[in-house]
Amino acid sequence: MPGKTFAVNRGQKFADLFKDRKDVAAVMEGKILHDLGDAAEHNMEITPVLTTSEEGLKILRHSAAHLLANAVTELYPSAIPSSGPPTEEGFYYDIEMQPPSENEVENIEKKMKEIAEKSIPIVKEKHSKAELEKMFLRNRFKLENIRESVEKESTVYRQGPYVDFCRGPHVPDTSYLKNIKLLNVASTNYKGDINRERLVRIYGTAFPDSKSLKQYLAMREEAAKRDHRKLGSEMELFVFNSERAPGLPLYAPNGAIIRNELISFMRKLNDEDDWTEVSTPHLFRDVMWKQSGHYAKYKDDMFLFTLADGDSYALKPMNCPGHIMIYESQPHSYRDLPVRISEFGTVYRYEKSGEVGGLTRPRIFTVDDGHAFVAASSIDREIKKILAVMEKTYKTILGDVQATYDLSLIDRNKPESYLMEYRCRKCGTLNEAKRATATGPLTCRECGSEDMEPDFTLWDSASNQLRIALDENNIRYKEYEGEAAFYGPKIDVHVKDALGRSWQLATIQIDFFMPSSFGLSFMNAEGKKETPIMIHRAVYGSIERFLVMALESYGGKLPLWLSPIQAQIITVSEKHNEYGHELRKILKKHGIRATLDSSFETVSKKIKLSLRYRPAYILVIGDNEVQNRLATARDRSNRQKTFSEKELVEKMLEEIRERRIDQGLCL
RNA sequence: GCCACUGUAGCUCAGCAGGUAGAGCAGCUGAUUCGUAAUCAGCAGGUCGGGGGUUCAAAUCCCUCCAGUGGCUCCA
């Protein structure tokens, strides 16, 4: 049905075309959406927007948000709804009210269903700005919105006693909204501004039919089982100890295996692209961070301490200054460039209490960090290379998991938030880079004038080079203003976790400023000193965060090369233990991680108990295997196949070497 | 940091109209020698997140601190 068009004459009501259909949320004329309740303003061709389509589902959920506000204001007349948009998985509404308890939320949901059952028409009305202001006199959020965004007139939607200021469109009546579920309650501030009113945000979801709602809820439950915190304790990967190490996760042996595999894979990729590896201290004197600019901006988020003799130190929140020290320790010629310095550098950031969580937001994490010092002319070439490694890495480890690329740019209205060169309006002198908020009033170093304007040349050039590199690698990306680092624009790669939350992994950042604040240089072809440009890059980003994405996307069933337990050997009875030990030794000798369960239990029980560790293969050893020196392998899909020792080793090594994602041993 | 919820044995959870803790799994001991998701029996294991209060009596009610979870803010 989608795509089918209907011809409509002027004055005809759209609803008349779809009288008996409950799967049409609105109609679309080209790209313009109309409510079903509207009449055509001219002769036109329209297509129905089905509730099952992406666009239709959005409308349905937007209407469900209204229904939520409707229910809340009926139950709590003093509640003031602010705004309630649809989201990717449902909707929410921000409302000023007492935070509801679980029981109250259940009540609200019940009320919503009651209203849905009544099939109350949702009617659009047009009003002048003055009328709107009068209508929403008691709702200061809507009032503010009307004053800011309405020019002459706009629309409201009325369902029974509830009226909402809204552009729409909406479903024709509340009966479309029977399949809803409130999911959780959170707190937020009006317009996300911490200084504005505190609001309650109620999240929910809506679907066109009960089956898809049930499916969604079941999927959410399944996803929760993939949560890395759950998998991590089942598989004995990490240890969280909230008492003694808040936000400081520990790797248990199985977790350390995965971490080390990731590191050695990246070490190999680094080497292929001529990155050298260094190791730098985990702390520096505070002067280092003052010079780099981190102290001014991130002092409150750093682990700082002062010793008895008055010396102050900070744990490193980034690796770049250490790499800079290594770069500057030697003279450089344009012939050595790019100088590529890498490190699996552990950094420490004091994330605020409410912000820490699991391995995705710890206070300590390790970055597969790298800094390329390049001449301005070779920036784009270097970035293209890095992008290529990123794509290869993500494809190899995460398979077809979707990664999105963002280009984060400066907010031109807030030059004071960034390191920025300023030009004197009086004498025209270009002054060195500063962050205006950190340094107080700006004065020209030549004439002392305070009449300075930001000069965006460096920022614009860096942004363009990133754009070009992305385009030339045929990577689809979105641009975001105001998301840049304080020292330069960047490309970020995001991946979603099991609960649908998006996390930043890889990053490429161009930095014109740190090299100059540290006075870095190289000798160019003309024999003159030139300042290099620094490219900060991390392919995994945080190793722990990347590990989480891999772990959750495979539900713990990691590719063989990453699996902590590659072979779980299970003996049928004690008399097979001797061969079990031998087999383990043989596998170990070839670098295959094998564990033996020689306990005096049934095969079934030993298999059952081993599954929590998600071993890649289970090798069962009984009379037949012992007599003929064989092993019977069972893979994660319960396929079985018997091998000679030699064949088993060869096949497993092949799967490991090729870093295969799918299991092929028992095919 | 803000709002809500949560914190009982290694793990998963029960107990919460207040009467000083209970199960399954794991662990240990013994029996069972067994072919692909739990063989049987016994034993041991907790100052109920910390502190304070109300009470004759607190895991249970109140306050406070800490931590975890969800969301907001932030994320170099």
Side-chain angles (χ1 to χ4, degrees), chain A residues 92 94 97-102 104-105 183-196 198-203 224 227 229-230 233-234 236 239-247 289 292-302 316-321 347 349-358 360-363 365 367 418-419 483-488 490 492 499 501 503-504 507 509 511 514 536 538 541-542 545 568 570-577 600-612 618-625 632-634 638-640:
Chain A
Y92 65 80
D94 288 349
M97 64 186 293
Q98 282 299 313
S101 69
E102 264 167 59
E104 288 175 300
V105 171
L183 298 171
N184 50 25
V185 179
S187 151
T188 182
N189 293 77
Y190 184 59
K191 290 187 171 171
D193 183 346
I194 205 148
N195 300 310
R196 296 293 308 261
R198 187 178 304 132
L199 305 173
V200 171
R201 176 172 292 182
I202 302 176
Y203 283 88
D227 189 309
R229 288 162 294 214
K230 197 166 165 53
S233 73
E234 276 174 28
E236 290 176 18
V239 172
F240 295 100
N241 184 316
S242 57
E243 292 288 310
R244 291 176 289 187
W289 308 110
S292 69
H294 291 102
Y295 195 87
K297 190 167 166 66
Y298 293 110
K299 185 170 60 121
D300 293 342
D301 305 311
M302 288 166 66
K316 65 172 168 183
M318 284 190 86
N319 297 302
C320 22
V347 296
R349 298 179 183 177
Y350 187 74
E351 306 286 356
K352 298 279 178 290
S353 61
E355 294 161 351
V356 293
T360 41
R361 197 80 187 270
R363 288 185 173 131
F365 59 95
V367 183
Y418 307 92
L419 278 170
E483 297 294 315
F486 73 91
Y487 48 73
K490 55 180 185 164
D492 291 327
L499 301 176
R501 295 174 297 197
W503 296 95
Q504 183 203 306
T507 184
Q509 308 172 1
D511 183 354
M514 232 181 272
H536 307 243
S542 143
R545 201 179 264 184
Q568 170 68 53
I570 285 173
T571 49
V572 174
S573 79
E574 272 184 345
K575 63 184 182 216
H576 309 115
N577 280 351
F600 191 34
E601 296 286 353
T602 61
V603 173
S604 292
K605 177 153 184 181
K606 288 200 266 194
I607 287 176
K608 170 80 185 172
L609 291 182
S610 77
L611 289 178
R612 63 179 279 213
I618 292 174
L619 306 177
V620 175
I621 305 300
D623 286 342
N624 180 33
E625 287 78 9
T632 298
R634 161 185 155 156
N638 297 340
R639 291 178 295 224
Q640 283 185 37

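Just so it is clear, the values below take in all heavy atoms, side chains as well, and ignore hydrogens, waters and symmetry mates.
In the interface, the side chain of A/Arg361 is paired with the base of B/C75 through a donor and an acceptor atom under 3.5 Å apart.
Stacking of A/Tyr487 onto the six-membered ring of B/A76 is not present when judged by under 5.5 angstrom between centres and under 30° between planes.
Comparing the C1' positions of B/G35 and B/G15 gives an interatomic distance of 42 Å, to the nearest angstrom. The separation of B/C62 from B/G24, taken at their C1' atoms, amounts to 34 Å, rounded to a whole angstrom. Look at the P atom in both B/C63 and B/G46: the space between them is 31 Å, to the nearest Å. Going from the P atom of B/G19 to that of B/C61 covers 11 Å, rounded to whole Å. Nucleotides B/C72 and B/C16 place their P atoms 36 Å apart, quoted to the nearest Å. Remark: the separation of the P atoms in B/U6 and B/U64 is 16 Å, to the nearest Å. The same atom, P, is picked in B/U33 and in B/U69; the two are 48 Å apart, to the nearest Å. On the P atoms, B/A59 is 30 Å away from B/G1, given to the nearest whole Å.
Side-chain contact between A/Phe365 and A/Arg545 is absent, with no heavy atoms from C-beta onward closer than 4.5 Å. Between A/Lys352 and A/Asp301, the closest side-chain pair of non-hydrogen atoms falls below 4.5 Å. You'll find the side chain of A/Ser292 stays beyond 4.5 Å of the side chain of A/Met318, heavy atoms only. You'll find the side chain of A/Pro100 reaches within 4.5 Å of the side chain of A/Val200, heavy atoms only. Counting heavy atoms from C-beta outward, A/Arg634 and A/Ile607 have side chains that approach closer than 4.5 Å.
Positionally, the nearest nucleotide of RNA chain B for A/Leu499 lies more toward the 5' end than for the other of A/Met318 and A/Leu499. Mapped onto RNA chain B by nearest heavy atom, A/Lys352 and A/Ala484 fall at different nucleotides, with A/Lys352 at the one closer to the 5' end.
Applying the side chain to side chain donor-acceptor pair (under 3.5 Å) test to A/His536 and every residue at least two apart in sequence or in another chain returns A/His371, A/Asp511. Under the salt bridge (Lys or Arg N to Asp or Glu O under 4.0 Å) criterion, A/Arg349 pairs with no residue, sequence neighbours left out.
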Which atom pairs link the protein and nucleotides 8-11 of chain B when you take only N or O atoms and keep those under 3.5 Å?
none

Atom pairs, N/O to N/O, protein against nucleotides 36-38 of chain B, distance under 3.5 Å?
residue : atom : partner  : partner atom : Å
B/U36   : O2'  : A/Arg634 : NH1          : 3.3
B/U36   : O2   : A/Arg634 : NH1          : 3.4

Protein N or O to nucleotides 64-67 of chain B N or O, pairs below 3.5 Å:
residue : atom : partner  : partner atom : Å
B/A67   : O2'  : A/Ser242 : OG           : 2.7

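Residue A/Trp289 is tested with A/Lys316, A/Lys299, A/Lys297 for a side chain to side chain contact (heavy atoms under 4.5 Å, CB included); the sole match is A/Lys316. Results of the side chain to side chain contact (heavy atoms under 4.5 Å, CB included) test with A/Val572 over A/Lys575, A/His576, A/Glu574 single out A/His576 as the only residue that passes.
Side-chain atoms of A/Arg363 never come within 3.5 Å of backbone atoms of A/Tyr350 as a donor-acceptor pair (strictly under, hydrogens ignored).
Base contact: A/Pro317 has a heavy atom under 4.0 Å from a base atom. Contacts of A/Lys490 with the nucleic acid, taken as non-hydrogen atoms under 4.0 Å apart, involve only primed sugar atoms and P, OP1 or OP2. Counting non-hydrogen atoms under 4.0 angstrom, A/Glu234 reaches nothing in the nucleic acid. Across all strands shown, A/Asp193 has no heavy atoms under 4.0 Å from either base or sugar-phosphate atoms. As judged by a 4.0 angstrom heavy-atom cut-off over every strand, A/Gly293 is placed among residues making no nucleic acid contact. Nucleic acid contact for A/Gly622: base, since at least one base atom lies under 4.0 Å from a heavy atom of the residue. Looking at heavy-atom distances under 4.0 Å, A/Tyr203 makes contact with sugar-phosphate atoms alone, never a base. Here A/Tyr298 lies in heavy-atom contact (under 4.0 Å) with a base.
A salt bridge between A/Arg612 and A/Glu236 is present, with a side-chain N of the basic residue lying under 4.0 Å from a carboxylate O of the acidic one. With salt bridges taken as basic N to acidic carboxylate O contacts below 4.0 Å, none links A/Lys191 and A/Asp193.
When the nucleotides B/G71, B/A76, B/C72 are ranked by their closest atom to the side chain of A/Thr188, B/C72 comes out on top. Here the nucleotide nearest the side chain of A/Arg545, chosen from B/C75, B/U33, B/C3, is B/C75. The side chain of A/Val572 has B/G35 as its nearest neighbour among B/C72, B/G35, B/A76. Of the listed nucleotides (B/A76, B/G1, B/G70), B/G1 has the atom at the smallest distance from the side chain of A/Glu355.
Not one side-chain nitrogen or oxygen of A/Arg349 sits closer than 4.0 Å to the OP1 or OP2 atom of B/A76. Between B/G71 and A/Arg501, a contact under 4.0 Å exists linking OP1 or OP2 to a side-chain N or O.
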Using Watson-Crick and G-U wobble pairs with both distances under 3.5 Å, what is the 5'-to-3' dot-bracket string of RNA chain B, with [ ] for crossing pairs and | for pairs outside the strand?
(((((((..((((.....[..)))).(((((.......))))).....(((((..]....))))))))))))....
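The interatomic distance linking A/Asn189 (CG) with B/A4 (C1') rounds to 14 Å, in whole Å. Rounded to whole angstrom, the span from the CD atom of A/Glu601 across to the C1' atom of B/A26 amounts to 11 Å. The nearest whole Å value for the distance from the CD atom in A/Gln98 to the C1' atom in B/C3 is 11 Å. The nearest whole Å value for the distance from the CZ atom in A/Arg201 to the C1' atom in B/C72 is 7 Å.
Judged by distance alone, the side chains of A/Thr632 and A/Glu625 do bring a donor and an acceptor atom under 3.5 Å apart.
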